[in-house]
Amino acid sequence: MTPHEGEFARLFSQTGDKLSRARAAASQSGAVILLKGPDTVIAAPDGRAVVTGNGPPDLATAGSGDVLSGMIAGLLAQGLDAFRAAAAADWLHGEAARAFGPGLVAEDLIDCLPRSSSGSRN
């Protein structure tokens, strides 16, 4: 699941800090939770969690979450487990947005992925 804070609040009733809420939701749902934001939390039902901070504000645009979900699905199809697929996709998503910069629309992320995944910079 890849909710932002508003969606998360409608799905789960946890209180506490973002990491604790994501971990509890992952345990409750049995799914990997990727709680989006400038400090994205990825939590697995087994308690593993990672916090990333490479999501620039440019990602707050319509459709960028759909691109992220597609990236996760693509990595799952290549054999990564759900936790690693979510973590890798989140990092690549942020790097692609950073590579494009201001004015980003969701479709731009796809074009920026090859540069982001190879580690090259603008």
Side-chain angles (χ1 to χ4, degrees):
M1 290 186 223
T2 61
H4 56 62
E5 285 285 356
E7 294 165 329
F8 186 90
R10 288 190 296 274
L11 294 170
F12 301 101
S13 62
Q14 283 84 13
T15 59
D17 64 85
K18 192 171 185 177
L19 177 60
S20 298
R21 291 184 292 121
R23 278 187 163 146
S27 177
Q28 176 188 348
S29 67
V32 170
I33 301 292
L34 189 149
L35 182 50
K36 298 181 287 193
D39 59 342
T40 294
V41 176
I42 302 147
D46 64 9
R48 290 178 292 164
V50 64
V51 179
T52 65
N54 74 323
D58 305 299
L59 285 172
T61 187
S64 68
D66 297 324
V67 173
L68 174 62
S69 295
M71 292 169 62
I72 294 168
L75 292 170
L76 288 168
Q78 293 180 58
L80 265 67
D81 68 74
F83 180 76
R84 287 190 174 113
D90 178 66
W91 184 84
L92 288 167
H93 194 240
E95 287 300 302
R98 193 175 319 286
F100 189 87
L104 172 83
V105 295
E107 293 83 10
D108 298 325
L109 291 166
I110 298 162
D111 294 334
C112 291
L113 280 174
R115 269 195 319 253
S116 300
S117 64
S118 67
S120 62
R121 301 275 189 245
N122 284 346

Looking at every heavy atom in both [X] and [Y], which two are closest together, and how far apart are they?
| X | Y | answer |
| --- | --- | --- |
| D58 | P102 | OD1-CA, 3.5 Å |
| L75 | A85 | CD1-O, 3.5 Å |
| R98 | N54 | NH2-O, 2.7 Å |
| L80 | A88 | CD2-CB, 4.4 Å |
| A62 | A106 | O-CB, 3.5 Å |
| I42 | A87 | CD1-CA, 3.6 Å |

Next on the checklist: Under the criterion side chain to side chain donor-acceptor pair (under 3.5 Å), I'd like the reasoning laid out for D17 against S20: C-alpha separation, chi angles, the key distance, then a yes or no.
Outcome noted: CA-CA 5 Å; D17 64 85; S20 298; 2.8 Å; yes

Any sub-3.5 Å donor-acceptor pair from [X]'s side-chain atoms to [Y]'s backbone N or O?
| X | Y | value |
| --- | --- | --- |
| R23 | A43 | no |
| K36 | T2 | yes |
| H93 | S64 | yes |

Under 4.5 Å between side-chain heavy atoms, counting indirect links through other Ile/Leu/Val/Met/Phe/Trp/Tyr residues: same cluster for [X] and [Y] or not?
| X | Y | answer |
| --- | --- | --- |
| W91 | V51 | no |
| L109 | L113 | yes |
| L92 | L104 | yes |
| V50 | L19 | no |

Next on the checklist: Do E107 and D111 have side chains that approach each other closer than 4.5 Å (heavy atoms only, starting at C-beta)?
Outcome noted: no

Checklist entry - Side chains of L34 and I72: closer than 4.5 Å at any heavy-atom pair? => result yes

Nearest-0.5 Å distance, [atom1] of residue [X] to [atom2] of residue [Y]:
| X | Y | atom1 | atom2 | answer |
| --- | --- | --- | --- | --- |
| I110 | M71 | CD1 | CE | 9.5 Å |
| D108 | T61 | CG | OG1 | 9.0 Å |
| L76 | R84 | CG | CZ | 12.5 Å |
| L59 | H4 | CG | NE2 | 13.0 Å |
| E7 | L35 | CD | CG | 10.0 Å |

Checklist entry - So which pairs with a foot in residues 9-60 pass ring-ring contact (aromatic ring centres under 6.0 Å, His included), sequence neighbours left out? => result F8-F12

Next on the checklist: Under 4.0 Å between a side-chain nitrogen and a carboxylate oxygen: does that hold for E5 and R10?
Outcome noted: no

